[in-house]
Amino acid sequence: MKEVAVIGFGMTKFGELWNKSIKDIFVEASLGAIDNAGVDHIDSIYVGAMSSGIFVGQEHLGAVMSDYLGMNPVPSTRVESACASGGISFRQAYLDVASGNSEIVLAAGVEKMNDGADVTAALATAADQEYEVYNGVTFPGLYAMIANAHMHEYKTTRKQLAAVAVKNHSNGANNPNAQFRNIITVDQVLNSTLVADPLRLLDCSPVTDGGAAVILCSMDIAKKFTDTPVKVVVSTQASDTISLYERETFTTLKAVSKAAEKAYKQANLKPENVDLAELHDCFTISEIVVSEDLGFFEKGCGGPAVEEGKTSIEGGEIPINTSGGLKSKGHPVGATGIAQIIELYEQLTGQAGKRQVKNAHIGLAQNMGGSGASCTINILEAV
Ligand code: COA
């Protein structure tokens with residue numbers, strides 16, 4: 001396998017982009033990445049997108065996007081794994097370069113969720129239709145079950161869930177591309193509208209339009225384009241049951257722990273070697289569970305860790321979601337995994353401004369689909 005580097009990025013602002021089509025959003029992010037990396041051609045394209053057919057009535061996104069980007073006849077492939085579509089698009093691009101098949105690859109993700117579709121029903125297509133959705137379960141509902149189980153088993157508190165949202169909004173306030181840049185308090189979270197008990201409005205990631213793109217190339221040629229390439233140390237993926245009811249426990253996401261185990265082993269790293277992480281906080285409880293399943297904290301200690309500032313940028317042991325996470329930056333589902341990689345790239349190249357983590361050398365991105373049935377982990381390193 002060849003060594004692979006990330007050499008540039010581009011993204012749109014995340015939010016409600018009423019005046020832009022899904023094609024405009026994709027092209028803006030991709031041209032930004034091509035320009036930022038300074039490459040003169042692309043060998044292949046990966047497009048992460050979850051439900052463009054339902055959200056905007058457009059499928060066949062690989063071909064649509066290479067065409068609209070003016071890149072024909074470059075091979076272009078759409079990657080779908082629900083909310084992990086972006087992260088797995090990055091992984092496919094990584095494997096393409098690592099195998100020696102392509103030299104320079106565009107890995108992108110896009111979603112336009114605000115266009116009139118029934119978003120809750122569209123997102124629910126990532127759950128088990130027969131056993132979960134038919135019985136009325138939604139994604140806030142599934143994660144509420146996980147939250148209730150975690151609160152019962154480990155005495156995780158409502159305030160600890162709120163602390164995740166407060167931290168992520170505080171980080172997102174310094175991210176110009178974030179959807180919600182307002183500072184919030186624990187009281188505001190606790191008094192926001194109830195969505196699915198115990199999760200409230202400010203525990204939820206929002207409905208977002210947005211696109212994100214990065215350029216990968218073999219490490220052999222990376223220095224031709226930039227003095228600060230970022231190495232992809234490892235990229236792993238794992239799967240779990242699609243339905244929650246089939247799992248031994250609701251409080252551990254097995255696809256996360258399995259993908260992490262493999263990543264640490266392949267990279268010869270331990271959780272304590274990671275300097276910062278972008279985690280899939282689609283709901284506040286998911287950041288807590290995932291921070292435990294990645295080995296950053298013992299089971300049951302993820303909630304107290306957030307409250308004690310262990311995941312904060314200033315003075316934290318392991319700053320988590322410095323970008324603002326899905327909660328504040330927004331969650332255009334197909335683009336999220338790529339936006340996580342962009343945050344790591346900015347941090348590892350010292351470009352994160354007020355969000356900068358001191359001495360950031362190794363970063364981990366964890367992106368998952370549904371209630372954790374698919375998960376990818378990508379670890380990046382400054383070289
Ligand atoms: N965080 C902060 N503010 C939010 C928000 C969020 N997640 N979602 C909406 N808002 C704000 C809006 O900006 C709006 O503010 P305004 O009145 O000042 O303009 C207000 O709350 C109401 O917005 P609205 O769009 O009517 O909310 P909604 O009730 O339709 O949707 C949720 C709220 C939580 C149901 C929706 O954001 C949601 O479904 N989130 C989860 C998405 C999801 O499941 N993703 C996949 C995860 S696996």
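We count ligands from 1, going down the list as the structure has it; atoms in each ligand are counted the same way.
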Self-check item: Sub-4.0 Å protein heavy atom near atom 28 (P) of ligand 1
Solution: no
Quiz item: Checking Thr241 side chain against Ser243 main chain: does a donor-acceptor pair fall under 3.5 Å?
Solution: yes
Quiz prompt | atom 13 (O) of ligand 1 protein-contacted, heavy-atom criterion under 4.0 angstrom | solution = yes
Quiz item: When you measure from the centre of the six-membered ring of Phe55, is the NZ or CZ of Lys112 under 6.0 Å away and within 45° of the axis?
Solution: no
Quiz item: Do the charged groups of Lys270 and Glu272 touch, with an N to O distance under 4.0 Å?
Solution: no
Quiz prompt | ligand 1 versus Pro206: contacting region, heavy-atom distance under 4.0 Å | solution = both
Exercise. With sequence neighbours left out, write down each residue that passes side-chain contact (heavy atoms from CB on, under 4.5 Å) with Val186, or none if nothing qualifies.
Key: Lys159, Ala162, Val166, Leu190
Quiz prompt | ligand 1 to Ser205 polar contact by distance, N or O atoms, under 3.5 Å | solution = yes
Quiz item: Applying the side chain to side chain donor-acceptor pair (under 3.5 Å) test to Ser81, which of Ser239, Ser374, Ser89 qualifies?
Solution: Ser374
Quiz item: Which pairs count as salt bridge (Lys or Arg N to Asp or Glu O under 4.0 Å) when at least one residue sits in residues 334-348, sequence neighbours excluded?
Solution: Glu343-Arg355, Glu346-Arg355
Quiz item: Nearest protein heavy atom to atom 25 (O) of ligand 1: under 4.0 Å?
Solution: no
Quiz item: Is Arg158 salt-bridged to Asp203, cutoff N-O under 4.0 Å?
Solution: yes
Exercise. Flag atom 16 (P) of ligand 1 as yes if some protein heavy-atom distance to it falls below 4.0 Å, otherwise no.
Key: no
Quiz item: So which of Ile338, Thr12, Asp24, Val47 actually passes side chain to side chain contact (heavy atoms under 4.5 Å, CB included) with Val110?
Solution: Val47
Quiz prompt | Protein heavy atom under 4.0 Å of atom 40 (N) of ligand 1 | solution = yes
Quiz prompt | Residue, atom name and distance, where the atom is the protein heavy atom closest to atom 35 (C) of ligand 1 | solution = Val195 CG1, 4.5 Å
Self-check item: Centroid-centroid under 6.0 Å between Tyr68 and Phe26 rings
Solution: no
Quiz item: What protein heavy atom is closest to atom 10 (N) of ligand 1, reported as residue, atom name and distance in Å?
Solution: Phe180 CZ, 3.8 Å
Quiz item: What part of Leu201 sits under 4.0 Å from ligand 1 if we count only heavy atoms: the side chain, the backbone, both or neither?
Solution: both
Quiz item: Any protein heavy atom sitting closer than 4.0 Å to atom 20 (C) of ligand 1?
Solution: no
Quiz prompt | Best match, Cys282, Ser286, Ala127: closest heavy atom to atom 47 (C) of ligand 1 | solution = Cys282
Exercise. Under 4.0 Å from a heavy atom of Leu123: give me the atoms of ligand 1 that qualify, with their elements.
Key: 42 (C), 43 (C), 44 (O), 45 (N), 46 (C)
Quiz item: Among all protein non-hydrogen atoms, which one is nearest to atom 1 (N) of ligand 1, and what is the separation to 0.1 Å?
Solution: Lys327 NZ, 2.9 Å
Quiz item: Does the protein place any heavy atom closer than 4.0 Å to atom 8 (N) of ligand 1?
Solution: yes
Quiz item: Which residue holds the protein heavy atom closest to atom 36 (C) of ligand 1, what is that atom called, and what is the gap in Å?
Solution: Val207 CG2, 4.1 Å
Practice problem: Could you tell me whether Cys204 and ligand 1 have an N or O pair separated by under 3.5 Å? | Solution: yes
Quiz item: Relative to each other, are the rings of His169 and Phe180 parallel, tilted or perpendicular (30° and 60° limits)?
Solution: parallel
Quiz item: Under a 4.5 Å cut-off applied to non-hydrogen side-chain atoms, are Glu314 and Lys358 in contact?
Solution: yes
Quiz item: Does atom 3 (N) of ligand 1 have any protein heavy atom closer than 4.0 Å?
Solution: yes
